Structure formats: structure tokens, C-alpha cells
Amino acid sequence: MKLRNWLRCLGCGVMLCGWEGPRAVAQDDASSLEADGEPSTLPPITVTPPDEETSVVDETPASTAPAARSPYDLPYSYPSLSGQLFEDLSGVTRRPTNVFDDPSEVTIINRQQLDERMPQDMFQALEREVGVLMQRTARGQASPFLRGLTGQQLLILVDGIRLNNSTFRTGANQYSNTIDPGQVERIEVMRGPQSTLYGSDALGGAINIVTRSASPFDGNYRGGSFTEYFSTADTGSYSRGNVEGWVQNSGVFAGASYLNLNDLDRGGDLGRQPFTGYDQYAGDVKYNYLLSEDALVTVALQHFEQDDLPRSDRFPPFVFGPPVGAPRPTFFDPQQRDLAYLRLQGVAYSGWCDSYMLTASYARQKEGSREIRSATRTDIGEFEVDTLGVSMVMTKDLDWLGALSYGTDFYHDDVDAFKNRLNPVNGAITPDIAQFPDDSYYDRFGVFTNWNVELTDRLTANTGVRYENIGVSSTPLISIDPPGAPPAVLVPTHISPSYQDWVGNVGLTYALTERWNLVGSISEGFRAPNLDDLVATNTLVQQNGQDIPSISLDPEHSINYEVGMKWDYRKWHSQAFVFWTELEDNILRTPVATGLFQRDNRDSYLNGVEWYGEYLLTPRWSVYGNFAYTYGKDLELDIPLSRIPPMQGIAGLRWRDQQHRSWFDVYTWLVDEQDRLNFQDLTDARIPVGGTPGYQTFNIRAGRTLGRCDNHRVSLTLENIFDQAYRVHGSGVDGPGFNAICGYELHW
């Protein structure tokens, strides 16, 4: 099958290689809307076998101008679960499928939802998604929690390429916020261990950020857009411009943005929180070229930068009481991320595969920090991680035996680092211990296969296995004295451990009815200790804490059991899951002296429930909501795990017209108190004494497109209308008070 046809088939919901496409529920959704008295905009879908490609594709020449349409139109306003597709091999599932048939709990935040949310950063893009808690130590940071895990235990991808590297810290970190939301096409969130697909780090789940591209299906065209958001709580401004076009075999999408935020006005009588303002710059370009009707080449470049970003929880006055020891005002300067990749994907006519995707990538992360210890001491540190990656994913139709997806990936991290003590009074500079040993490296290599097969007319199995091998080389400074005993004698100690493991998973989907699936899975997770676990001398722990090297750690292993229900009826769809995760040799902090932490392996567990759903009252009105509860415990110390998200959910009423030109959304966000605290939580100034109080906010969103060609859009969000004072559990930044976010977009 030709690549252009293959891509078009994916966009229309027709899957290749024997994979089952969306069921007839999409047609039923259209019928139900018509039955309610209004015409449906959903076009008929015809599922055609792969060997009858000529009946699937309209062979209109690419130069023919497409029919006029609004840039904001989507096929229908309330997509069914089976209509939410993983369209290519860079999707989080690494195989063509849809949300309804996959045995895991997975959700997709599409471009329309992002436009309605008007995110200025990735914190706002993912905030309030089912089962996701967004924590931020500083205003420009965002660390998502999935099933109680975050940081290095949660994998974040950009176009299927790892954002995680070997320096990701335990617990919350800022790196998911180094992505410009204006370049994002959709966000795919898959919960539960994904080590079979991605190897180390994906214990809590995987989040794949899919970036925007020019569309080859619009024929030859040129266009662009300008977006402006303004928020009153921080007099913040987000501006982004895009240009895009497709000419014959070539397409380009490019954009740049600038974000300026000032100190945040908080709810209640708290007033403005100092040291919460910063600036941010980003730019990206993606070039697609059709080598032939069978192969597409993609070249992409991304750059992101924050300068002089204050770590908000280290500046007095401290809202919940001062930390132990003197304040240490800290700035991240700079915080940079670069990504470049070359990708070849297409369809094949060989015995090895039916479709393939080959990717070579280079990523660079640079983090500088400035800690003001006293009038005569400022610590200035920096580390830079250069990551080279190569990955391959292929699919093969096995006829009645089902279908395979399989592949391999390799990532190499090279770390350069330094740290100096500066005396601002006399300008003297003294070398200090860097956060990571200079010239450390970390290699990951893995191979995987995933098999999807129909066991009966109703029962489908999805199973996979992976081999992962990791090698480390580093020379940390190790104290030969007891931790915290002055004067410490530090000795350079070279380490070169290696870790390997086999992990597997099996998931089952049983069709109770055509629109009601019972699903369940057992999946293994694996995470080898990274450089932050093993060799970091990190002074960025809490407000006055410090991590020291822990060179004798074992890898983490987990096994996750979950069972769920998926409903995909004409007027409503929903997912509900119960999960239990056993964490063997969980890598956790252990206090060894006042303010000093090492890492240790301790067994623990997590369990919880997650639900979300939406019900159509009419073709335009719907009610929706979600709910999540997570419980975590350290079994060896018999205490709660640190920073477990509180019970939370949303309930809302939404209106969208059939052409997606207007929307109105009113919802409430309900969060319970969290008073189950770990020993780290008890000494953390980000968490109030006794725990984080519960809260509820009331919010409204609305928007409309204008103009003869619907090329203008105005939008408004009224956030926290009753000016509730609140703080997300574990955050160093309070929630905004009453906040009006005004948006405008021009599309040409």
C-alpha cells in the first residue's frame, strides 16, 4: 500500500497489518445525533481490507485544492473511545490501535481540548486530567504524577523519543515543563508500567507529547496562525506564531513563542507570591518529505529556554513555616532543552514487516543553578547532558495468528558538569563538588516484541516481552567517614555497574457486548538506578537537604495488576480501573544525618481507582467528570510513601457546536486533604503542618470563532471564580486566585 494512502487510512480510522480499526460505534454515534433532531457531521467510515486499497483512497491529485473548511473543525464534537486512534508507530502504544480496544487505561488530549484549556505551559495542559496530579516546586516547573509516581519513575516522550535521561531526579522535577504547549498536537497518557515497550523508567506510566506537522491531505497550501493569551492573576502574556504549508512532496510546520509571567496573585488574602515570575522562549521546525509513495522522511528541530527562574519554595517568607537551617534562595539559570531527530517511516513489501519507523535523535539538556548561601558565598553549578538515540519499530501481519510489533532502541548519555563557590565580596572562586561527576556516561539498550491476537470472537490478547541492558561509568567522590561527620575525607571512586533484565506483560480485552469491554492486565516494570540515584551530590533536595552518592543500589522491579471496564455507547463513553502495584526494591531516600540523604532499596506498594466518563444530553450538551484515588505505603518502615496525591476529581457541564466553532464549559475541581505524610513530608516547607488542606474551585471556559472564514477565535477562562486559597499537594507555588485568561487566535 502506498504511504500516502497508508497515512490517509490511519487518519480515517482504517488500520493496516490486520489490526482491528474502530468499530461501527462511530457510525452509531452519528446515527444517535441525527436521532436527536440534528444532522451529524461525521462522515461514513468504510473499513476495507488492506489488499483492497484502491477502494479506500480518493486518488485526487495533491495539487487539487481541498474544500473550504474551518481550521477548528474536527469530524465530530464528542469522539468515541474507538474513534480515538494511535495513528502511527510513534504513538505511546507503539502499534496501531484505539483507546477502546487497548487493555490499558489510556487517554488522549487532542488539539481541540488544548485550545479550550489555553495552556501557557505544560502544567496547565495536563492539569486535572484523570489520575494526573501536576506538582510544581517553582512556577516554571511541572512534574506529573501517575499512580503515585513521578520524576525518574515516570517516562515522558516527545514524538516517541525519550525526554528522560540519566540525571532525572527522584521525586518531582521540572523537565516536563520544557515543552512549548503551542507546538503540541496531542498528549497521550498511558497509565501503569510500560517497561515492556520502553524499558527502564516507565514504572508509573508513559506520557507521549506528539508535536504538530503540516498536513499532506490539504493539498498544496500555505498558512499560519498567531496566538495570544493574557492572564490577570500574574499579568502574564503568552505569544506564539506558526507558519505551515505543503508543496508537492514537501511540508513544513514551524513556530516560535515567548512567555512572560509576573508574581502570582494567590487566592483569599494571601496576596502575591514573591519570586514566581520568569521568562521563557521556544522555537521549533518540522520538515516532511515524501521520498516516494512508500516512504516519508521527517526532520525536526526544537529549542526551549528559561532564564533566571526562581525556585519559589526557597525564598522567604515561607508560607508554611521556615525550613530547618538558613534560607538558600536558588535560581535555575539557564534551563535549556534541545531536540533534533531524523525519521524514516513507511510501508514495506518484505517478509520482515508491513510498516516501519526508524529514528535517529540528538537531545541536549543544560541546567544551571545559582544558590545564595550567604553574603559571602554563592554556589554556581551547571551540568549538560548530551543524548544520542536510535530506535526502530516495525509491524507484521500474521494473518490468523494476529499481528506483531517489534523493535529496538539505544540511548547514550554523556554528562559534563562543574560547580564553583563564588565570594561576591572579593570575587574569589573555589572549585566545589559538581552535582554529577564530570564525563559520566549512561547507556541503555533494549529489544522488544508485542503480539496482538484474537483468541476467540470476543477475546483478544495483547502480550509482550523485552530485554533491557544498562551500563554506567562514573567517578563520584565517596566519603570514607560516617555521613555527616566532619571533616569528611572524599575519595574518587570509579564505578561501572551494569544491569539487565527481562520483563513482560499480558493484557486481555473481552467484548461483553459490541460497546462494552472488560479488560485486565498483568505487567512487569523495571528501573535501573540512574546517575542521580548512584552518584549525585545534589543540594537541590527540599529546602536545605542534600543527596550524597549511593553506589550499591539494586534495580527497582514492579508487578502491576489491574482490571477495568470500557463503555463506548452512542451517547456516553467511560473508563473505570482498579490497580495494585507491588514495588520490589523501590529506591527511596533514607536520612543518614541532619539534612543528608542516601538512597536505599525498600519494598512498597501502591493501589487505587481511576474513572472518567462523558454523557451526551443532546448532540451539543454533555456532562462529564473524573475521579482518582491513590494509596501508597513503604512496607519496611510501615509509613506512607512521600507526596502521594490526594483523592480528587472534576465534574462539569459542556456545550460544543457541531462545527467546533463555539464552546462553553463550566466545571468544579474537588480535592480532598492529604494528611498521610512521609518523614520527608514532615520537614518539607512546601507541605503544611498536619498535611495539605482540601479545596474546591469553580471555573468557566468559553470560546467562539468569528469572521467570514472562521479565521478568528476568541476565548475566555474564568478560573477559581470564588477566589479560593489553595495549594496543590507538594508544590512550592500556591494556586492562582480569581484569574481571567483571555485568548485570541488569528488563522490564515
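This structure is a prediction, so every number in the text was calculated from the model and none was measured. What's counted below: heavy atoms across the whole structure, side chains too, no hydrogens, waters or symmetry copies. Numbers here simply count residues along the sequence, with the first being 1.
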>> Walk me through whether Arg169 and Asp533 qualify under salt bridge (charged side-chain N to carboxylate O under 4.0 Å, His left out).
In response: CA-CA 8 Å; Arg169 296 191 292 276; Asp533 296 310; over 6 Å; no

| message | Run Ile109 and Glu129 through side-chain contact (heavy atoms from CB on, under 4.5 Å) and show every step you take. | response | CA-CA 9 Å; Ile109 306 171; Glu129 185 68 8; 3.6 Å; yes

Under the salt bridge (charged side-chain N to carboxylate O under 4.0 Å, His left out) criterion, do Asp547 and Arg589 qualify, and how do the steps go? CA-CA 8 Å; Asp547 279 338; Arg589 283 195 174 102; 2.9 Å; yes

List the steps and the verdict of salt bridge (charged side-chain N to carboxylate O under 4.0 Å, His left out) for Arg599 and Asp532.
CA-CA 10 Å; Arg599 312 292 172 83; Asp532 180 76; 2.9 Å; yes

* **Verdict with supporting geometry, Lys286 and Asp284, salt bridge (charged side-chain N to carboxylate O under 4.0 Å, His left out)** => CA-CA 7 Å; Lys286 184 185 289 186; Asp284 54 272; over 6 Å; no

side-chain contact (heavy atoms from CB on, under 4.5 Å) between Asn208 and Ile156, intermediate numbers included:
CA-CA 6 Å; Asn208 186 33; Ile156 299 174; over 6 Å; no

- Item | Derivation of the side-chain contact (heavy atoms from CB on, under 4.5 Å) call for Thr430 and Asn420 | CA-CA 6 Å; Thr430 305; Asn420 293 318; over 6 Å; no

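Counting only heavy atoms from C-beta outward, the side chains of Thr378 and Arg421 never approach each other to under 4.5 Å. Val189 places a side-chain heavy atom less than 4.5 Å from the side chain of Ile187. With contacts defined as side-chain heavy-atom distances shorter than 4.5 Å, the pair Tyr356/Leu344 qualifies. Leu149 has its side chain within reach of Leu606: a pair of non-hydrogen atoms, C-beta onward, lies under 4.5 Å apart. Side-chain contact between Ile470 and Gln500 is absent, with no heavy-atom pair separated by less than 4.5 Å. Between Glu468 and Ser200, some side-chain heavy-atom pair lies under the 4.5 Å cut-off. Side-chain contact between Leu490 and Ile433 is present, with at least one heavy-atom pair separated by less than 4.5 Å. Counting heavy atoms from C-beta on, the side chains of Leu583 and His557 never come closer than 4.5 Å.
The aromatic rings of Phe436 and Phe383 sit perpendicular, their planes meeting at an angle over 60°, well past the 30° parallel limit. Classified by interplanar angle (parallel below 30°, tilted 30° to 60°, perpendicular above 60°), the ring pair Phe331/Phe275 is perpendicular.
Residue Ile207 holds its CD1 atom at 9.0 Å from CG of Leu155, rounded to the nearest 0.5 Å. Rounded to the nearest 0.5 Å, atoms CD1 (Ile478) and CD1 (Ile551) are 4.5 Å apart. Of the inter-residue distances, the one linking Asp102 atom CG with Gln84 atom CD reads 12.0 Å to the nearest 0.5 angstrom. Distance check, rounded to the nearest 0.5 Å: CD1 of Ile209 to CG of Leu126 gives 6.0 Å. Between Gln365 atom CD and Phe304 atom CZ the span is 11.5 Å, to the nearest 0.5 Å. Distance check, rounded to the nearest 0.5 Å: CG of Leu261 to CG of Asp279 gives 8.0 Å.
Residues Glu185 and Arg111 are not paired through a salt bridge, judged by the lack of any N-O separation under 4.0 Å between the basic side chain and the carboxylate. In this structure, Asp438 does not pair ionically with Lys419, as no charged nitrogen and carboxylate oxygen lie closer than 4.0 Å. Ion pair Arg337/Glu305 not flagged as a salt bridge, since none of the NZ, NE, NH1 or NH2 atoms sits closer than 4.0 Å to an Asp/Glu carboxylate oxygen. Note on Arg466 versus Asp409: salt bridge recorded, some NZ/NE/NH1/NH2 to OD/OE distance being below 4.0 Å. Remark: Arg343 does not engage Asp88 in a salt bridge, criterion side-chain N to carboxylate O under 4.0 Å.
Considering all non-hydrogen atoms of both residues, Ile380 and Phe418 come closest at O-CE1, 4.2 Å. Tyr441 and His412 make their closest contact through CB-CE1, 3.8 Å (heavy atoms, listed as atom of the first residue, atom of the second, distance). Ala125 and Leu114 make their closest contact through CB-CD2, 3.9 Å (heavy atoms, listed as atom of the first residue, atom of the second, distance). For the residue pair Arg94 and Ser391, the shortest heavy atom distance occurs at NH2-CB, 4.4 Å. Nearest approach of Gly131 to Leu146, heavy atoms of both residues: O-CD2, 3.9 Å. Shortest non-hydrogen contact noted between Gln120 and Gln280 is O-NE2, 4.4 Å.
In this structure Phe168 satisfies the ring pair (Phe, Tyr, Trp, His ring centres under 6.0 Å) test together with Tyr175, sequence neighbours excluded.
None of Ser474, Ser166, Ser473 except one satisfies the side chain to side chain donor-acceptor pair (under 3.5 Å) rule with Ser440; the exception is Ser474. Of the options Val503, Asp501, Asn505, Asp201, a side-chain contact (heavy atoms from CB on, under 4.5 Å) to Ser195 is made by Val503 and by none of the others. Checking each of Asp585, Thr590, Leu588, Asn586 against Asn601 for a side-chain contact (heavy atoms from CB on, under 4.5 Å) leaves exactly one that passes, namely Asp585. If you run salt bridge (charged side-chain N to carboxylate O under 4.0 Å, His left out) between Arg370 and each of Asp379, Asp307, Asp333, only Asp333 comes through.
Checked against a 6.0 Å centroid threshold, the rings of Tyr281 and Tyr258 count as neighbours.
For the pair Ser312 (side chain) and Ala138 (backbone), a donor-acceptor distance under 3.5 Å is absent. Although no hydrogens or angles enter the test, the distance criterion places no donor-acceptor pair under 3.5 Å between the side chain of Ser731 and the main chain of Thr137.
No side-chain donor-acceptor contact under 3.5 Å links Tyr362 and Thr387. Of the N and O atoms on the side chains of Arg364 and Gln336, at least one donor lies less than 3.5 Å from an acceptor on the other residue. Between Ser405 and Thr395, the side chains place no donor N or O within less than 3.5 Å of an acceptor N or O (distance only, hydrogens not considered). Asp413 and Tyr411 share no side-chain donor-acceptor pair at under 3.5 Å. Side-chain atoms of Ser90 and Asp159 include no donor-acceptor pair closer than 3.5 Å. There is no side-chain donor-acceptor pair under 3.5 Å between Gln174 and Arg311. For the residue pair Asp180 / Tyr238, a side-chain donor-acceptor distance below 3.5 Å is found, with atom types taken as modelled. Between the side chains of Glu382 and Gln435, no donor-acceptor pair of N or O atoms lies under 3.5 Å.
Cation-pi geometry between Arg136 and Phe123 is satisfied (NZ or CZ under 6.0 Å from the ring centre, within 45° of the ring normal).
Within the structure, salt bridge (charged side-chain N to carboxylate O under 4.0 Å, His left out) contacts touching residues 202-214 (residues at least two apart or in different chains) do not occur.
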